[in-house]
Amino acid sequence: MSFVPLQAAAAVKTASYAILQSPKDIAIEIGQSEHRIALVNAWKIPPGSKVLELGCGQGTCTTVLAEAVGPEGHVDAVDPGSPDYGAPFTLAQAQAHLSAGPIGDRISWHNADPVQFLADNPDRGWDFVVLAHCIWYFDGPDTLRSMLAALKGRAASLVVAEYALTAREKAAVPHVLAAIARGMLEAHNKTSSANIRCLLGPLNIKAAAEAAGWTLTTEETVVPDVALLDGSWEVGEVKSKGFLNMIDEYIEDVTLKTTLLSAREAVIGAVGLLDGEKVRTMDVWASRFG
């Protein structure tokens, strides 16, 4: 079947699947869903597709993928996180809620390491493999390389969305700086379960994909709408006292500690230059490999 772009109105329907139902929470979920709709439209995933989503988390992108593939398609959603991970609702609670809804029969959830999942299902293949805002959760570049190598030959297309480390909007500059600061800190916390563990940008991701035999076919930059709040959340983390406490806990080298404190200062300074304008989320790199 040919690709049919999802409309922004689909975000409202997708948000209605969310386990959170307060007006504020629904507004946040709509912003998250609208961003995923932009990604799926950039990837051009058509109805009827068989999709493998790696790093699905609580299922925000999964629901949009399920809308895109329609009743004739299917999404295998894989995440290695503990079922009791996440707040205010866990992965298990959110996924069970979606399974009980109108798109539940289009989704199969798999609590498994992605590489092990592929090894345990050697005869299965998909039209698309999706990595949507999950690569920074990996513990290092070797994990990405091994995963992309294991995926080669198992799907016709690999599609990726990750933060671009660029800011076309001035108000997104603090997010870029905050991500770098967090990435530097988490690199020294080997037991981290944070959402930034290894800061892999588009150049590194492309190199890993090409080394695994994938060929880049399309790439574009998606500028998130103001409703996507990840940038403000990340900046808030770096500005918090908790970030200072983590520096004291994990960093012994005085020079590195000073560098991290200066990185935090740069974030605070960049926010100050916005003169009260709301912090935005940085650019997103959306790509497709064959």
Side-chain angles (χ1 to χ4, degrees), residues 1 4 6-41 43 45-121 123-135 137 147 151 154-155 159 161 193 195 228 230:
M1 298 178 69
V4 179
L6 284 173
Q7 302 301 312
V12 178
K13 182 165 67 170
T14 300
S16 71
Y17 303 150
I19 196 169
L20 301 170
Q21 292 295 326
S22 75
K24 179 181 178 182
D25 292 332
I26 288 295
I28 291 173
E29 193 68 20
I30 287 174
Q32 294 286 332
S33 297
E34 286 177 336
H35 175 60
R36 269 70 181 181
I37 286 171
L39 296 179
V40 170
N41 286 342
W43 293 326
I45 296 177
S49 296
K50 293 189 298 180
V51 174
L52 172 63
E53 182 192 7
L54 301 180
C56 64
Q58 292 173 312
T60 302
C61 190
T62 314
T63 59
V64 175
L65 290 168
E67 290 281 0
V69 302
E72 302 302 318
H74 196 77
V75 181
D76 283 298
V78 180
D79 198 287
S82 171
D84 61 2
Y85 174 81
F89 294 94
T90 66
L91 297 185
Q93 289 171 324
Q95 292 172 3
H97 176 76
L98 292 172
S99 292
I103 57 169
D105 61 351
R106 305 180 195 177
I107 304 169
S108 296
W109 306 100
H110 307 275
N111 181 220
D113 173 81
V115 174
Q116 188 61 49
F117 172 80
L118 292 168
D120 291 341
N121 296 274
D123 298 325
R124 296 198 59 189
W126 296 267
D127 300 309
F128 291 87
V129 175
V130 174
L131 297 173
H133 290 297
C134 66
I135 291 175
Y137 283 83
M147 183 180 297
L151 288 168
R154 304 294 297 274
V159 295
S193 60
N195 60 328
L228 190 70
D230 296 60

Is it true that a side-chain atom of [X] and a backbone atom of [Y] form a donor plus acceptor pair closer than 3.5 Å?
X	Y	result
H74	R106	yes
Q95	G57	yes
R154	W126	no

Could you grab the distance from atom [atom1] of [X] to atom [atom2] of [Y], nearest 0.5 Å is fine?
X	Y	atom1	atom2	result
W109	T62	CH2	OG1	4.0 Å
L228	S33	CG	OG	10.5 Å
D127	L52	CG	CG	11.0 Å
E67	R36	CD	CZ	15.0 Å
I135	M147	CD1	CE	8.5 Å
N121	H110	CG	NE2	7.0 Å

Could you tell me if the side chain of F128 sits less than 4.5 Å from the side chain of L65, heavy atoms only? no
So C61 and E53, do their side chains get closer than 4.5 Å, heavy atoms only? yes
D79-Q58 side chain donor-acceptor pair, cut-off 3.5 Å: no
Test V129 against every option in V159, V51, L54, D76 by the side-chain contact (heavy atoms from CB on, under 4.5 Å) rule and name the one that passes. L54
For residues I107 and A77, report the shortest heavy-atom separation together with the two atoms involved. CG2-CB, 4.4 Å
Which heavy atom of A161 sits nearest to which heavy atom of L39, and what is that distance? CB-CD1, 3.6 Å
